[in-house]
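Below are the structure tokens for one structure; questions will follow.
All heavy atoms count here, side chains included; hydrogens, waters and symmetry mates do not. Protein chains get the first letters and strands the later ones, always in sequence-line order, with residue 1 at the start of each.
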Amino acid sequence: MTDITPKSAASLPAPRPRAIGLVNWMGLWTLYLKEVKRFVNVLTQTVLAPMVTMLLFLAVFTLALGRGNMKFDQFPYAEFLAPGLIMMAVIQNSFANTSSSILIAKVQGNIVDVLMPPLSTVELALGFALGGVTRGLLVGTTTGLAMWVFVPMHMHDFALVLYYGVAASLMLSLLGMIGGIWADKFDHIAAVTNFVIVPFSFLSGTFYSVERLPEGWNFIAHLNPFFYLIDGFRYGFLGRNDGDILTGMAVVAGVNALLIFVVWLMLSRGYKLKP
Amino acid sequence: MSEPAPPAPARMRRGNPRGVWTLFVRGMLRFVRFATEGIGGALISALLFLAVFTFAWAGEAEPAAGVSLPVFVAPGIAAFAMALNAFENAAFPVVYDKLEGIIGDLLMAPLTPAELLFGYVAGATIGGLVTGAAVLLVLSVFVEIALPAPLMTLAFGLLGALVFALAGFITGLWAEKWDRYSAVETFLVLPLGLLSGTFFAVEALPPLGQDIILANPVFYLIDGVRTGAIGQGYAEPWLGLSILAALAALLWLVAWRLVVRGYKIKP
């Protein structure tokens, strides 16, 4: 007679839980990968569509405004406009990535799948935020390369371009997380996008130098963090600026620190996420 | 005792006006239900475009003699908002009804394909017109829109909204998922709407571009609305009207044939 009981059950040691050190690297990497694969799956909508839209804006605004050889500090209008449009694409898409990811997960109920695993609050925030940063940088790079075909691009200071690119996508990813956690349905996030994010990215100097604004408005523009993002990013390309660059870097870093704190607070309390 | 006579079926020898009316009202109710996003969103983006053009322009070059750029773009913004809204109004319900399976209720109802098409498209067209009018009204607070020929603006608006509603209906039939619908919107409607002289004069284009834009029917919509709104146009109004009418008729025929054949809506 043959013994049909599996030998392994008796001879192999019981499986042990995976030891997690200070940081759950595997969990963080998995969450990040999930966030990236989510938008890569629909690349046409998430990267190609904003690129085409920004190219259209470039064409339309150059045709409408560039005829009189309009210049901003020796730069033809198209060259002035291009960095602004790249930044606008980064802003809108970083926000869209994290907000839609969290909101869809909430509405469908699969948010528990990221709340249950052994991920700390910081790891959770980082996984989502880095996904948004990746989308923002990818959209920015693609849009920039596409514009380069039509418009000569300058590169005054690559380090600054990189700093503002990362800082902007991080800021908007964090804002997107706050929006996604706060919103109960898609109408809410659509309203925030249409009535806050898009107006701010339009009116913060993408299309013009804020010095052209009427007196009072000029001052208000300098209170707006988006203005520093666009102005600093453009300075990195062209070497011309409206605001002070050091002030801008500090403002952007400060806003990011504040947003990280808010996101951490929301996640650790489980605001609208945990029962 | 004799059995009670069976109820006589409704007589619909001359069409089914009540059915068409019901479908139309449903479309309008949907439009009203989503008015915040529909009209509100259109108004916000129209005001943003106007603000951006006003601040960026600062009086350098006039798009046409004696016309400032903000005045020039305002009718274009309104026409674009109207076209986009009419497209969305028509496409969205069709995709939604297909995905939710509601379309079966409409195919079962005693409506001929033409009646079904009319019910869907009429509501979308009216919604687009209302949105365009609202945008034009709000923009007229900030720029001077003289409206020398309101009937011409209305005629172009009506035909243009109809064209985009029909295009939206066909897109809705074709799209199996939301991805496809938004792909058509991003890669076809948006470029057509923005590159058709919405914000710039034909003369701003290089010669080849001028030839291309004159072959683009959407250009005549924008140009006609602008002629009626600020008296500043490039093409002859009658030419634009006939091109748009021909296009609407063609799209109607295509959409009607698709419904008759049950393209992607009947098993």
Using ring-ring contact (aromatic ring centres under 6.0 Å, His included), reason through A:Phe207 and B:Phe53 one step at a time and then give a plain yes or no. CA-CA 8 Å; A:Phe207 297 96; B:Phe53 275 110; 7.8 Å; no
Does the side chain of A:Val60 reach to within under 4.5 Å of the side chain of B:Thr198, using non-hydrogen atoms?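 Heavy-atom side-chain distance check fails, nothing below 4.5 Å.
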Where on B:Leu190 is there a heavy atom nearer than 4.5 Å to chain A: the side chain, the backbone, both, or neither?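 Both backbone and side chain.
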Strictly less than 4.5 Å between heavy atoms, which residues of residues 162-184 of chain B line up against chain A? Please order them by number.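 The list, in residue order, reads B:Asp179, B:Ser182.
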Residue A:Leu48 versus chain B: region with a heavy atom under 4.5 Å: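 For A:Leu48, heavy atoms of backbone and side chain both lie under 4.5 Å from chain B.
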Does the side chain of A:Leu63 reach to within under 4.5 Å of the side chain of B:Phe199, using non-hydrogen atoms?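 Sidechains of B:Phe199 and A:Leu63: no contact.
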Which region of A:Thr44, side chain (C-beta onward) or backbone (N, CA, C, O), has a non-hydrogen atom less than 4.5 Å from a non-hydrogen atom of chain B, or is it both or neither?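 Backbone plus side chain of A:Thr44, per the 4.5 Å heavy-atom cut-off to chain B.
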Quick one: closest heavy-atom pair of A:Ala49 and B:Thr186, and the distance?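 It is CB-CG2, 3.5 Å.
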Return the minimal non-hydrogen interatomic distance between B:Leu195 and A:Ala59, and the atom names on each side.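 Minimum heavy-atom contact is CD2-CB, 4.3 Å.
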Nearest 0.5 angstrom please: B:Leu48 CG to A:Asn194 CG, how far?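 If we round to the nearest 0.5 Å, B:Leu48:CG and A:Asn194:CG are 9.5 Å apart.
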Can you confirm whether A:Val198 sits close enough to B:Ser45 that some side-chain heavy atom of one is under 4.5 Å from a side-chain heavy atom of the other?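 No, side chains not in contact.
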Answer yes or no: are there more than 12 heavy-atom neighbours, outside B:Phe187 itself, under 6.0 Å from its atom CZ?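 Correct, the count exceeds 12.
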Nearest 0.5 angstrom please: A:Trp217 CH2 to B:Phe55 CZ, how far?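 The distance works out to 6.0 Å.
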To the nearest 0.5 Å, what is the distance between CD (B:Glu37) and CZ (A:Phe186)?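 Reported to 0.5 Å precision, the distance equals 12.5 Å.
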Just verifying a value: how many Å separate B:Thr54 OG1 and A:Leu213 CG, rounded to the nearest 0.5 Å?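 Rounded to the nearest 0.5 Å, the OG1-CG separation comes out at 11.0 Å.
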Nearest heavy-atom neighbours spanning A:Phe202 and B:Val52: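 Heavy atoms only, the tightest pair is CD2-CG2, 3.7 Å.
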For B:Leu194, which atoms come within 4.5 Å of any heavy atom of chain A: side chain, backbone, both, or neither?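 Answer is both: backbone and side chain atoms of B:Leu194 are under 4.5 Å from chain A.
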Might you confirm whether atom CD of B:Glu144 has over 12 heavy atoms from other residues, nucleotides or ligands at distances under 6.0 Å?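 12 or below, so no.
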